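Let me begin by presenting the structure, written as structure tokens, before commenting on it.
These numbers were taken from a predicted model, which means no experiment stands behind them. No hydrogens, no waters, no symmetry mates; every other heavy atom, side chains included, goes into these values.
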Amino acid sequence: MQTVLVTGGTGFIGSHTVISLHESGYEVVIVDNLINSKKEVLNRLERITGKRFKFYNIDCCDRDSLKTVFEQNKIDSVIHFAGLKAVGESVQMPLEYYSNNINSMITVLSLMREYNVNNLVFSSSATVYGQSEDVPFTEESPLGVCTNPYGWTKWMLEQIIKDCANAIPSLKVVLLRYFNPVGAHESGLIGEDPKGIPNNLFPYISKVAAGTLEKLTIHGDDYDTPDGTCLRDYIHVCDLAQGHVKALQYIDNNYAGVNIFNLGTGKGTSVKEAVAAFEKACGHEIPHVIGPRRAGDLPVCYASTAKAEQLLGFKASRDINDMCSSCWNWQVNNPDGLQD
Ligand code: NAD
Ligand code: UFG
């Protein structure tokens, strides 16, 4: 049985991926410093899977502590989710973002080299395509100019990883560029649990639907799109999780080097369509107003999914209604998120 080290494994995408890995027969070791997640996630994962996962409360930038994980476990592969991800916060706190996101990956890579661990899956983002409007984005689309430090950390980390793969011929890497992960596990036991007032659309709509926030502001309805609001490629987090299993299988069956895949559905959904789908899921209207455009927003962003379909055998199976109903189920069951 292969053992996968999942950094950031108590976070939103990491926790859902742990379930998919477990269901696919992998042994999982989780490292997370809980800067943006709760330990309660481990109890929830145990309720869902029946398994108590091995957990280390460690900062991935702390080499000495992280070394003990490699010392104590025979790690075959690493999935590196650990990182800070709030776009607006990254503009306010660039040093924290560069320091955390770059140093954690470098520390993981250096320990992988020391312990001869050769398989890596890295969480990248569609943000690396920058402000291009040439959709759909294929993996060959040029990397763009990012609009915030968070985006630049992904851009830089992709380069750092490529340089390492050039230098270490045995390294096998899959870079996954996620589009807009949303939704929650069908159990309603884990989901997205942001601190404070959410910035992203789905967590915000959920809070409005629940009555915690008064109304949604749609950031602009004068874009050159069918209903004037921006289009995004929302992908259910459980589909995304399955994409990581496919990535590990791909690594097993292929030569060393770096391979890049988009993970999306290939379909653009507008903000107004997302609101309508959520209204259907929760059974009542979502109060909303139209506000000005949000700085830096692309009118249209969606993935070409051809490469992931052909080479990974990955195709998302859940639609926007599944995303909204699972998100709502999580919200209803955990109105205040998870408690520590
Ligand atoms: P998340 O914040 O829920 O999960 C990240 C986890 O990493 C958290 O549990 C946090 O506590 C942990 N962490 C952060 N820094 C750490 C460190 N130095 N050491 C140990 N643990 C640390 O975020 P998520 O949405 O699950 O995202 C996971 C990854 O996917 C991130 O790298 C993120 O940038 C990337 N990504 C997310 C999205 C998205 O929209 N959610 C889109 C594209 C890419
Ligand atoms: N939106 C609103 N009102 C809100 C929040 C969002 O109208 O209160 C709109 C945005 O203007 C945008 C759409 O909903 O048109 C989606 O916005 P999100 O903030 O949910 O997502 P983004 O596409 O802006 O960004 C997300 C992640 C980034 C990542 C990017 C591409 O937050 O980290 O997807 O993967 F880089």
Salt bridge (charged side-chain N to carboxylate O under 4.0 Å, His left out) contacts in which one or both residues fall within residues 7-34, not counting sequence neighbours: E27-K51

Membership question, hydrophobic clusters at under 4.5 Å side-chain separation (ILVMFWY): are V6 and V29 in the same one? no

In this structure, would L175 and V128 fall into the same cluster of hydrophobic residues linked by side-chain contacts under 4.5 Å? yes

Has W152 got more than 12 heavy atoms of other residues, nucleotides or ligands less than 6.0 Å from its CH2? yes

Between the CG atom in D233 and the OG1 atom in T265, the distance rounded to the nearest 0.5 Å is 3.5 Å

Would you kindly say whether K54 and N73 are connected by a side-chain donor-acceptor distance under 3.5 Å? yes

According to a 4.5 Å side-chain heavy-atom criterion applied to Ile, Leu, Val, Met, Phe, Trp and Tyr, with indirect links allowed, do L157 and I35 form part of one hydrophobic cluster? no

With no hydrogens and no angle check, just 3.5 Å: does a side-chain donor-acceptor pair link N43 and E40? yes

Could you go through the salt bridge (charged side-chain N to carboxylate O under 4.0 Å, His left out) check for K272 and D227 one step at a time? CA-CA 8 Å; K272 283 185 177 169; D227 66 18; 5.6 Å; no

What I'd like to find out is whether the side chain of S110 reaches to under 4.5 Å of the side chain of R63, using heavy atoms alone. yes

Counting only heavy atoms not in D134, do more than 12 fall under 6.0 Å of its CG? no

Parallel under 30°, tilted from 30 to 60°, perpendicular over 60°: which one fits the rings of F70 and Y115? tilted

Is atom CD of Q72 surrounded by more than 12 heavy atoms (other residues, nucleotides or ligands) closer than 6.0 Å? yes

N253, CG: over 12 other non-hydrogen atoms inside 6.0 angstrom: yes

If you link ILVMFWY side chains whenever their heavy atoms are less than 4.5 Å apart, which other residues fall into the same cluster as I286? By chain and number, please. V182, I197, L201, F202, Y204, I205, V208, L213, L216, I218, Y234, V271, V275, F278, I290, I320, M323, W328, V332

Does the side-chain contact (heavy atoms from CB on, under 4.5 Å) test come out yes or no for V174 and L176, once each step is laid out? CA-CA 6 Å; V174 167; L176 295 176; 3.5 Å; yes

Go through the side-chain N and O atoms of Y150 and E89 and say whether any donor and acceptor fall under 3.5 Å apart. no

Give a yes or no on this: more than 12 heavy atoms of other residues, nucleotides or ligands lie within 6.0 Å of atom CD of E214. no

How long is the straight-line distance from OG of S37 back to CG of D193, given to the nearest 0.5 Å? 9.0 Å

Do the non-hydrogen side-chain atoms of V121 and V173 ever get within less than 4.5 Å of each other? no

Side-chain heavy-atom pair R52, L42 within 4.5 angstrom cut-off: yes

Please step through side chain to side chain donor-acceptor pair (under 3.5 Å) for the pair H185 and S326, ending with a clear verdict. CA-CA 7 Å; H185 190 259; S326 62; over 6 Å; no

Please examine the side chains of I190 and H16, heavy atoms only from C-beta on, and report whether any two atoms are closer than 4.5 Å. yes

Just checking, any donor-acceptor pair under 3.5 angstrom between side chains of T229 and D221? no

Mind checking whether L66 and V78 sit in one hydrophobic cluster, side chains of I, L, V, M, F, W, Y counted as touching below 4.5 Å? yes

Aromatic ring centroids of F122 and F81 under 6.0 Å? no

Decide whether a cation-pi geometry holds between K246 and F314; the criteria are a distance under 6.0 Å from NZ or CZ to the six-membered ring centre and an angle within 45° of the ring axis. no

State, yes or no, whether a side-chain contact exists between H80 and M105 at a heavy-atom distance under 4.5 Å. yes

Any non-hydrogen side-chain atom of L95 less than 4.5 Å from a side-chain atom of S99? no

Any luck finding a side-chain donor-acceptor pair between E309 and T305 under 3.5 Å? yes

Any side-chain heavy-atom pair of P181 and I13 under 4.5 Å: yes

At what distance, to the nearest 0.5 angstrom, does CG of L248 lie from CD1 of I79? 4.5 Å

Other residues, nucleotides, ligands: >12 heavy atoms within 6.0 Å of E186 CD: no

Taking the basic N atoms (NZ, or NE/NH1/NH2) and the acidic carboxylate oxygens, is any pair closer than 4.0 Å for D64 and K67? no

Qualifying salt bridge (charged side-chain N to carboxylate O under 4.0 Å, His left out) pairs, either residue in residues 321-340, two or more places apart: none

Do D59 and S65 have side-chain atoms, one donor and one acceptor, less than 3.5 Å apart? no

Any side-chain heavy-atom pair of E139 and K307 under 4.5 Å: yes

Could you walk me through whether Y129 and N262 pass side chain to side chain donor-acceptor pair (under 3.5 Å), step by step? CA-CA 11 Å; Y129 295 121; N262 288 335; 2.7 Å; yes

State, without any angle test, whether N33 and Y56 hold a side-chain donor-acceptor pair at a distance under 3.5 Å. no

Between Q159 and D163, do the side chains contain an N or O donor and an N or O acceptor separated by less than 3.5 Å? yes

Salt-bridge present (K207, E192; N to O < 4.0 Å): no

Can you name the one residue among T269, V300, N180 that meets side chain to side chain contact (heavy atoms under 4.5 Å, CB included) with R232? N180

Walk me through whether T17 and L240 qualify under side-chain contact (heavy atoms from CB on, under 4.5 Å). CA-CA 8 Å; T17 302; L240 192 76; over 6 Å; no

Check step by step if side-chain contact (heavy atoms from CB on, under 4.5 Å) holds for R44 and T10. CA-CA 10 Å; R44 300 296 177 94; T10 48; over 6 Å; no

Qualifying residue for side chain to side chain donor-acceptor pair (under 3.5 Å) with Y178, from S124, S123, S125: S123

T138 and S304: side chain donor to acceptor below 3.5 Å: no

